[in-house]
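Sharing a structure with you now.
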Amino acid sequence: MKALILVGGFGTRLRPLTLSVPKPLVDFANKPMILHQIEALKAIGVDEVVLAINYQPEVMLSFLKAFETKLGIKITCSQETEPMGTAGPLALARDKLIDGSGEPFFVLNSDVISEYPLKQMVDFHTKHGGEASIMVTKVDEPSKYGVVILDEETGKVERFVEKPKVFVGNKINAGIYLLKPSVLDRIELRPTSIEKEVLPKIAQEKQLYAMVLPGFWMDIGQPRDYISGLRLYLDSLRRNTSDKLATGVNIVGNVIVDSTAQIGEGCLIGPDVAIGPGCVIEAGVRLSRCTIMRGVRIKKHACVSGSIIGWHATVGQWARVENMTILGEDVHVSDEVYSNGGVVLPHKEIKSSILKPEIVM
């Protein structure tokens with residue numbers, strides 16, 4: 001079975017992290033975002049993953065080569081020379097996706113994090129016999145999204161309503177699809193949208209079915225949603241594989257700590273914290289609702305909350321970093337400095353406080 005992951009472009013919403021690596025390689029819960037998806041696909045028998053990409057394919061491939069052997073899955077690239085939308089990449093990768101077996105293939109949006117119930121989706125797809133299946137998720141504010149109107153009993157999709165002004169339903173496209181190869185005949189080789197052009201036509205022909213996603217869902221393509229997504233992901237770990245979570249007197253709530261990280265005396269860590277490989281958290285540090293990426297040092301009595309600390313950064317003694325501060329790679333925050341929502345580009349040194357959210361070039 002095959003799968004295509006829509007990797008897309010520059011990841012501008014997650015800058016400054018994406019100035020160091022392509023967005024799918026940004027760590028989420030201590031491993032690159034895209035690896036969560038590749039592992040889930042491998043677990044249900046997918047043997048080849050095609051990455052639809054138009055930015056730094058060589059960086060992606062050289063990084064993922066190690067995982068190819070480790071996971072025993074083939075990873076290839078289909079490179080766009082111009083942005084092709086969400087359906088154009090399928091036409092571009094047609095030869096890689098069709099193998100003559102007639103088996104359906106998965107398509108995933110690389111920003112989406114969930115419990116990936118892909119086995120249930122295959123069963124659902126086989127049972128309804130239609131041409132395409134999409135995963136939908138329930139949201140509290142459907143007016144921000146495209147809403148999927150479906151028959152609650154059969155799952156057959158009736159229509160799509162883009163950003164409705166009045167309430168028509170609360171299920172939205174979750175960015176995970178299972179498609180028969182015949183869907184590729186519907187897609188022209190040009191920039192085109194799977195959500196706005198391809199799926200509505202399949203729905204009109206009554207060949208599109210939607211499965212409601214069990215568990216959590218989040219598009220983690222921007223910092224606020226990344227932090228929320230970490231909370232949901234760790235909560236899901238608590239329910240399903242709680243042995244992966246850290247325990248101890250200094251741990252509050254759901255926390256994941258790499259085995260190579262060092263944590264000093266008298267710290268208070270959590271809730272909703274990920275601490276990556278090789279990190280050093282010195283004595284008396286307070287961490288909550290944050291990601292601390294590989295090789296970071298947080299010095300004594302510093303406090304980090306609601307923020308993302310990029311690779312190999314340093315936070316000084318008694319410093320306070322909060323309110324969606326994002327430190328790029330190798331940023332150094334001096335002792336006793338306060339950052340209120342600062343977005344700091346890589347390799348900078350911050351010697352004075354950032355009192356209101358701003359970008360530090």
Side-chain angles (χ1 to χ4, degrees), residues 1-6 34 36-52 73-74 78 86-87 89-91 93-139 145-160 169 171-187 192-217 219:
M1 207 174 179
K2 299 193 177 187
L4 178 109
I5 300 179
L6 295 164
I34 200 165
H36 290 272
Q37 299 185 329
I38 293 173
E39 287 177 352
L41 289 163
K42 169 66 183 170
I44 57 133
V46 169
D47 48 27
E48 184 175 350
V49 174
V50 181
L51 308 177
I73 190 167
K74 187 178 175 190
S78 169
T86 50
L90 276 73
R94 181 189 177 101
D95 294 346
K96 292 179 188 281
L97 293 170
I98 289 190
D99 55 7
S101 69
E103 271 195 317
F105 59 89
F106 280 100
V107 177
L108 286 84
N109 177 339
S110 72
D111 291 356
V112 165
I113 197 92
S114 74
E115 286 172 11
Y116 305 115
L118 305 178
K119 171 78 175 72
Q120 293 100 298
M121 195 176 191
V122 171
D123 297 343
F124 172 76
H125 184 80
T126 309
K127 191 176 168 189
H128 70 63
E131 194 174 7
S133 301
I134 72 169
M135 202 89 83
V136 294
T137 185
K138 294 177 182 174
V139 291
Y145 304 93
V147 173
V148 183
I149 312 291
L150 56 112
D151 181 311
E152 295 294 336
E153 280 184 29
T154 63
K156 187 178 281 184
V157 175
E158 292 164 11
R159 61 197 164 98
F160 293 83
K171 296 181 187 73
I172 65 161
N173 179 350
I176 302 173
Y177 316 104
L178 187 55
L179 311 173
K180 284 186 177 172
S182 57
V183 170
L184 293 169
D185 299 333
R186 299 171 174 270
I187 304 170
T192 170
S193 161
I194 194 166
E195 303 88 351
K196 293 179 179 156
E197 296 175 65
V198 180
L199 295 176
K201 282 181 185 160
I202 302 174
Q204 274 174 4
E205 294 172 25
K206 303 194 176 354
Q207 284 292 307
L208 180 63
Y209 290 78
M211 173 183 151
V212 180
L213 178 82
F216 78 99
W217 175 89
D219 178 329

### Query
Is a side-chain N or O of Trp217 found less than 3.5 angstrom from the main chain of Val112, in a donor-acceptor match?
no

### Gap between atom OG1 of Thr86 and atom CD of Glu195 - 0.5 Å precision
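Rounded to the nearest 0.5 Å, the CD-OG1 separation comes to 3.5 Å.
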
### Query
Could you give the distance from NZ (Lys2) to CZ (Phe106), rounded to the nearest 0.5 Å?
15.0 Å

### Task
Report the C-alpha distance between Leu150 and Glu158 in whole Å, list the side-chain angles of each, state the deciding distance to 0.1 Å, and finish with yes or no for side chain to side chain contact (heavy atoms under 4.5 Å, CB included).
CA-CA 5 Å; Leu150 56 112; Glu158 292 164 11; 5.9 Å; no

### Query
Are any non-hydrogen side-chain atoms of Met1 and Leu178 less than 4.5 angstrom apart?
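Side-chain contact under 4.5 Å: yes.
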
### Query
Quick one: are Leu6 and Leu108 in side-chain contact, heavy atoms under 4.5 Å?
no

### Query
Which atom names give the shortest non-hydrogen contact between Pro117 and Leu213, and what distance separates them?
CD-CD1, 3.5 Å

### Message
Give me the atom names and distance for the closest heavy-atom approach of Pro181 to Gly102.
### Response
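In terms of heavy atoms, the two residues are closest at CD-O, 3.7 Å.
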
### Query
Listed by chain and number, what are the ring-ring contact (aromatic ring centres under 6.0 Å, His included) partners of Phe124, not counting sequence neighbours?
His128

### Minimum-distance pair of heavy atoms, taken over all atoms of Ile194 and Ala87
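That would be N-CB, 3.5 Å.
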
### Message
Would you compute the distance between atom CD1 of Ile187 and atom CG of Leu90 and round it to the nearest 0.5 angstrom?
### Response
4.5 Å

### Query
Between Lys127 and Asp123, is there a salt bridge with N-O shorter than 4.0 Å?
no

### Message
Using 0.5 Å steps for rounding, measure from the NE2 atom of His125 to the NZ atom of Lys180.
### Response
5.5 Å

### Query
Is there side-chain contact between Gln120 and Met135, with at least one heavy-atom pair below 4.5 Å?
no

### Query
Side chains of Glu48 and Leu41: closer than 4.5 Å at any heavy-atom pair?
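Result no, sub-4.5 Å side-chain heavy-atom pair not found.
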
### Message
Less than 4.5 Å apart, side chain to side chain, heavy atoms only: is that true for Val49 and Leu4?
### Response
no

### Message
If you define the side chain from C-beta out and look only at heavy atoms, does anything of Ile149 sit under 4.5 Å from Val157?
### Response
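Of all side-chain heavy-atom pairs linking Val157 with Ile149, none is under 4.5 Å.
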
### Query
Is Asn173 close to Leu199 at the side-chain level, that is, under 4.5 Å between some pair of heavy atoms?
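Yes. Closest side-chain heavy atoms under 4.5 Å.
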
Please list, one pair per line, the donor and acceptor atoms closer than 3.5 Å that link side chains of residues 201-211 to other protein atoms, with sequence neighbours excluded.
residue : atom : partner : partner atom : Å
Glu205  : OE1  : Arg186  : NH2          : 2.6
Glu205  : OE2  : Arg186  : NH1          : 3.3
Gln207  : OE1  : Glu131  : N            : 3.1

#### Entry: Stepwise side chain to side chain contact (heavy atoms under 4.5 Å, CB included) test for Asn109 and Ile176
CA-CA 7 Å; Asn109 177 339; Ile176 302 173; over 6 Å; no

### Query
Hey, what do you get for CG (Leu51) to OG (Ser110), rounding to the nearest 0.5 Å?
9.0 Å

### Query
Is Phe216 close to Ile113 at the side-chain level, that is, under 4.5 Å between some pair of heavy atoms?
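A side-chain contact under 4.5 Å exists here.
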
### Task
Rounded to the nearest 0.5 Å, what's the gap from CD1 on Ile172 to NZ on Lys138? Could you check?
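Those atoms lie 13.0 Å apart.
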
